Colleague: 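Just dropping this structure here.
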Protein chains: 2
Amino acid sequence: MLTKSSTELVRQQNSALVLAALRRAGNLSHTEISAETGLASATVSAITAELEKAGALAKAEQHVQGGRGRPRVLFTPRRDHGHLIVVRISSDVVQYSLVDYGGTLLDRFDEARNHDERGTAPFARAFVDALERLLQRSRLERDRVLAVSISSKGLVDGTSARLLWSPVFGREELDFAALLAPQWRVKVMLSNETLLVAQALATQAERKPESGFRALAAISLGHSIGLGVARKSQSGEMDVSAPNFGHMLHTPSAGLCRCGAYGCIEAAAGFYGILRAAFEVPADTIPAKFVPVAELDKIAASARQGHRMAGYAFRQAGIALGNGISRMLSLYERMPVHVTGPGIRYFDLMLPGIEEGLAQSMQVRLQGPPEIAIVADEQRLVFEGHLARALGVIDGDIASVGASAVPG
Amino acid sequence: MLTKSSTELVRQQNSALVLAALRRAGNLSHTEISAETGLASATVSAITAELEKAGALAKAEQHVQGGRGRPRVLFTPRRDHGHLIVVRISSDVVQYSLVDYGGTLLDRFDEARNHDERGTAPFARAFVDALERLLQRSRLERDRVLAVSISSKGLVDGTSARLLWSPVFGREELDFAALLAPQWRVKVMLSNETLLVAQALATQAERKPESGFRALAAISLGHSIGLGVARKSQSGEMDVSAPNFGHMLHTPSAGLCRCGAYGCIEAAAGFYGILRAAFEVPADTIPAKFVPVAELDKIAASARQGHRMAGYAFRQAGIALGNGISRMLSLYERMPVHVTGPGIRYFDLMLPGIEEGLAQSMQVRLQGPPEIAIVADEQRLVFEGHLARALGVIDGDIASVGASAVPG
DNA sequence: ATTATTTTCTCGACAGTCGAGAAAATGAAT
DNA sequence: ATTCATTTTCTCGACTGTCGAGAAAATAAT
């Protein structure tokens, strides 16, 4: 259903547009903002004045220029307008970062996960404590934090900030909004990790409009398999989602998965699935909780030396991925695939299987196989995704309250 | 990327809102429009005056009322504001309908498809001729037609009105926009048939807001397998798509498909797939182009009498569907599934397989199986989908040109 | 006839965008 | 040193749109 519009909404939308342009292109002058957004110069004046009064923007003192004429004066986000806390939860460590409104990192520390502990309660305590510590280390008031952005592997309900299923906690739900509700009056955002990779790659692609970005997928290879999909809807807005790819059904013969089901993609293409196949462990063996990378490196080495079962293990992992990707493309559309995660070091071993798995499907026969690119530095991309997403939401909030909330 | 907004766009959006309310709820008075849309009474006056001047609306002469006070005067779409041609292409017949702007059917005829003919050229000629005939029969000028809305099974590029793959023409593309371009100056819309079923069911669900509609899927069972998905995006607009479900990879062992690939869902769950399995024809046999329904009825009868291979054929069809649905739900979200098409008469035979195929996946174990409903009358739903979609687009056009295009 | 009631229409206030041109700020030319 | 050309930023009035309040219209009840 469509929804009512009004002149105030117009201002809100255009304010958000100005903030987005500033995020995308860095510091911009009045005229550059006008060119970038398509807004008339007079409108830019009105909007920047409002945002300046609200404290979100400031004029940079240094006006760079060489040419003739009145020098341009650059607008820039006011870094002290607020702060953002980014939490990356991975299987062995949790990383806490403090970022300012300008997107620059102020503080960061890691906390090792205690693998002996069972259940979410101890983790929840450690989580709340760590946020508190982050404030203390920077002598920051809690109300200066505009948002907390959290990422984890697994199945996530983004609207309510609930972790529905994760490799670590299984079906035990974790409601981050409820966790912080008593003390923190901030927006809590929870995103799947690979969704953020897709988000980061998509914002990168949007920075160069000549690339004609439409859609992309990011696949993370590791103990578990993640998928993020970023697509531009016909209305022009970016739609990013994290389908449950790792536990999509591959084929029942792929064996028992960590999640308790049989035949998930992960059960064939995740690290433990590869290990199981290489060592010819029965497919209904409950797989190891954690497979050291050194172990997989050994299998990869023997596969590269021609060992049959090791090679087979990577090949069947590739087929599971190829089939899964082909199914994903059938349900969405043709789009480039970016592969990341620790598993990319074995990508050469999986590629023949992937190609085989792709070639079977009608979608690929019809439109050709998708471009596949390897992307290193997954953790940096996740962090960039956090920034793009959380700061974008914060900008939206600023635009929607406008200058009205600021007295005087 | 966000896009610039302006006061004119506000009017455009709100005009569309008024037209949509009128479509949804039938004829409405001034106050009802205001209540339905949330717009102020003064705004409704301005918009209805503009739309009346443009010729899209008129006041109904009869003012129904019982109570006191000034009687309400109902607004209604002006049926003669323009016309819509709806073309339903199915495997054996093409149905041409002429509809007015109010959505009432004015004329309709069917044309049998000639199965001997090869290639798209003869079909294209017959198509253009039939449209011409539709005009002549109602003595209608060509420029009174606002849009031509076409539906077919198969893979469709909705933005460009090109049929990319279809059961009948295979990979031979058919560009309907180009077909009509020389003579016709109308909007040409091409939609997958099952997409329109999903569209119709979704607009029905939206009519009762208490149902809290979020998403639904429509699956059509027949010679081929179709899927339509309708989802409300977070911005509130309806997003309807027709993923390539029938030719999504099920499992390579499902055998050769009409499309030339191996293991498509259709190769197991389409009519010819069931036939092949029941008669134990080798799985790489090129399947029959067309399977009479009587033939399948016989298999169903023997299956119901306990015949082993017949029962197995329907069961493996069900498993293919169940696996496919579970994969679809993994990639989107949990949503009710509506099953339609001629194949629903065998649904009881497939249901055990469907449930088995669903139960294997993690998504279903976690969130429970989706609600499955049987929906008869597929053809009526397709037609309703045509109307909802095409008239919605026409309304959008009217709102966007506004009264500006109409002289004095 | 008058009154109560409900609906529709109209008017002025307010919010927003835009184009044009004034004002500002600087380098180049005289 | 002053003036001129150039570029950027700012400001003003016109235009479009929404909204609330109250006037005007149309009918049933008194």
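Quantities reported herein were computed from a predicted structural model and do not represent experimental measurements.
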Colleague: Hey, what are the protein-to-nucleotides 9-12 of chain C N/O distances that come in under 3.5 Å?
Modeller:
residue	atom	partner	partner atom	Å
C:dC9	OP1	B:K59	NZ	3.2
C:dC9	N4	B:S41	OG	3.2

Colleague: For D:dG17, does either OP1 or OP2 sit under 4.0 Å from a side-chain N or O belonging to B:N14?
Modeller: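 Indeed not, no polar side-chain atom of B:N14 lies that close.
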Colleague: Is there a side-chain contact between B:K4 and the phosphate of C:dG16, meaning an N or O under 4.0 Å from OP1 or OP2?
Modeller: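 For B:K4, the contact criterion (side-chain N or O under 4.0 Å from OP1 or OP2 of C:dG16) is not met.
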Colleague: Can you name the residues that form a side-chain contact (heavy atoms from CB on, under 4.5 Å) with A:R11, not counting sequence neighbours?
Modeller: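 With sequence neighbours excluded, A:R11 shows a side-chain contact (heavy atoms from CB on, under 4.5 Å) to A:S15, A:A46, A:I47, A:E50, given in chain and number order.
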Colleague: Roughly how bent is the helix from C:dA1-D:dT30 to C:dT30-D:dA1 end to end, in steps of 10 degrees, with each end axis from five pairs?
Modeller: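 Answer for the end axes of this duplex: 30°.
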Colleague: So, using side-chain contact (heavy atoms from CB on, under 4.5 Å) as the criterion, who are the partners of B:T7 when residues are at least two apart?
Modeller: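 For B:T7, the residues satisfying side-chain contact (heavy atoms from CB on, under 4.5 Å) (neighbours in sequence not counted) are A:T7.
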Colleague: Who are the side-chain contact (heavy atoms from CB on, under 4.5 Å) partners of B:A242, not counting sequence neighbours?
Modeller: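 Here the qualifying residues are B:N192, B:L195.
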Colleague: With sequence neighbours left out, what residues match A:T48 under side-chain contact (heavy atoms from CB on, under 4.5 Å)?
Modeller: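 Scan of A:T48 (side-chain contact (heavy atoms from CB on, under 4.5 Å), adjacent residues dropped) gives A:I33, A:V44, A:L57, A:F75.
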Colleague: Tell me whether the side-chain N/O atoms of A:R72 come closer than 4.0 Å to OP1 or OP2 in D:dT9.
Modeller: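 No, no such contact exists.
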Colleague: Please list each protein N or O that sits under 3.5 Å from an N or O in nucleotides 28-30 of chain D, with the distance.
Modeller:
residue	atom	partner	partner atom	Å
D:dA29	O4'	B:R68	NH1	3.0

Colleague: Do A:S400 and A:D397 meet the criterion of a side-chain donor-acceptor pair at a distance under 3.5 Å?
Modeller: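 Per modelled atom types, A:S400 and A:D397 side chains form no pair under 3.5 Å.
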Colleague: Within the structure, does a side-chain N or O atom of B:T43 lie under 4.0 Å from either OP1 or OP2 of D:dC19?
Modeller: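 Yes, B:T43 has a side-chain N/O under 4.0 Å of OP1/OP2 on D:dC19.
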Colleague: Not counting sequence neighbours, which residues clear side chain to side chain donor-acceptor pair (under 3.5 Å) with B:H386? List them please.
Modeller: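 Side chain to side chain donor-acceptor pair (under 3.5 Å) list for B:H386, sorted by chain: B:S149, B:S151.
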Colleague: Please enumerate all residues that pass ring-ring contact (aromatic ring centres under 6.0 Å, His included) together with A:H81, with sequence neighbours excluded.
Modeller: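 For A:H81 the ring-ring contact (aromatic ring centres under 6.0 Å, His included) partners, ignoring immediate neighbours, are A:Y101.
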Colleague: For A:T104, which residues count as a side chain to side chain donor-acceptor pair (under 3.5 Å) partner, sequence neighbours excluded?
Modeller: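 So A:T104 forms a side chain to side chain donor-acceptor pair (under 3.5 Å) with A:R79, A:D100.
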Colleague: Would you kindly give the CG-to-P distance between A:L9 and D:dG17, to the nearest whole Å?
Modeller: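 That distance rounds to 16 Å.
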Colleague: Determine which pairs satisfy salt bridge (Lys or Arg N to Asp or Glu O under 4.0 Å) with at least one residue from residues 38-47 of chain A, sequence neighbours left out, and list them in order.
Modeller: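 Non-adjacent pairs meeting salt bridge (Lys or Arg N to Asp or Glu O under 4.0 Å): zero.
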Colleague: Using the test side chain to side chain donor-acceptor pair (under 3.5 Å), find all partners of A:Q12 that sit at least two apart in sequence or belong to another chain.
Modeller: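 Listed in chain order: nothing, the list is empty.
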